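See structure below.
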Amino acid sequence: MRVVVDRDRCEGNALCVKFAPEVFELDDDDYAVVIADPVPPEFEAHAAKAVDECPRAAITRHD
């Protein structure tokens with residue numbers, strides 16, 4: 001599984017970091033970035049939760 005953050009949609013709410021800190025972090029501009037590509041299998045459920053909970057739908061999942 002891979003996840004992609006659309007910087008044009010991201011507001012830096014950091015819910016993705018809350019749900020999957022192993023997969024996401026905020027950069028110096030407070031935008032989410034992916035730090036695990038591909039997502040390790042043990043963190044896929046966390047990443048999927050981050051995709052579902054992103055308030056701006058800025059994260060897409062690619063299987």
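Just so you know, these numbers use all the heavy atoms, side chains as well, and skip hydrogens, waters and symmetry mates. Numbering of residues begins at 1 and proceeds along the displayed sequence. Please read these numbers as outputs of a predicted model, since none were measured by experiment.
Here CZ of R61 is found 8.5 Å from CG of D52. Values are rounded to the nearest 0.5 Å. Going from atom CG of D63 over to atom CD of E44 covers 7.5 Å, rounded to the nearest 0.5 Å. Rounding to the nearest 0.5 Å places CG of D29 at 10.5 Å from SG of C10. The CG atom of D30 sits 12.5 Å away from the CD atom of E11 when rounded to the nearest 0.5 Å. Distance check, rounded to the nearest 0.5 Å: NZ of K18 to CG of N13 gives 11.5 Å.
In this structure, D28 places its CG atom where only 12 or fewer heavy-atom neighbours from other residues, nucleotides or ligands lie under 6.0 Å away. Open room surrounds OH on Y31; 12 or fewer heavy atoms of other groups in view lie less than 6.0 Å from it.
Counting all heavy atoms, side chain and backbone alike, P38 lies closest to M1 at CB-O, 3.4 Å. Looking at every heavy atom in both residues, V17 comes nearest to E25 through CG2-CA, 3.7 Å. Taking all atoms of both residues into account, the shortest heavy-atom contact from D27 to R7 is OD2-NH1, 2.5 Å. Contact between V3 and V34 at its shortest, heavy atoms only, is O-CG2, 3.4 Å. Here the closest non-hydrogen pair linking I59 and C16 is CD1-CB, 3.6 Å. When all heavy atoms are compared, the tightest approach of A20 to A47 is CB-N, 3.9 Å.
Both V5 and V51 sit in one connected hydrophobic cluster of ILVMFWY residues. Membership requires side-chain heavy atoms under 4.5 Å apart, directly or through other members.
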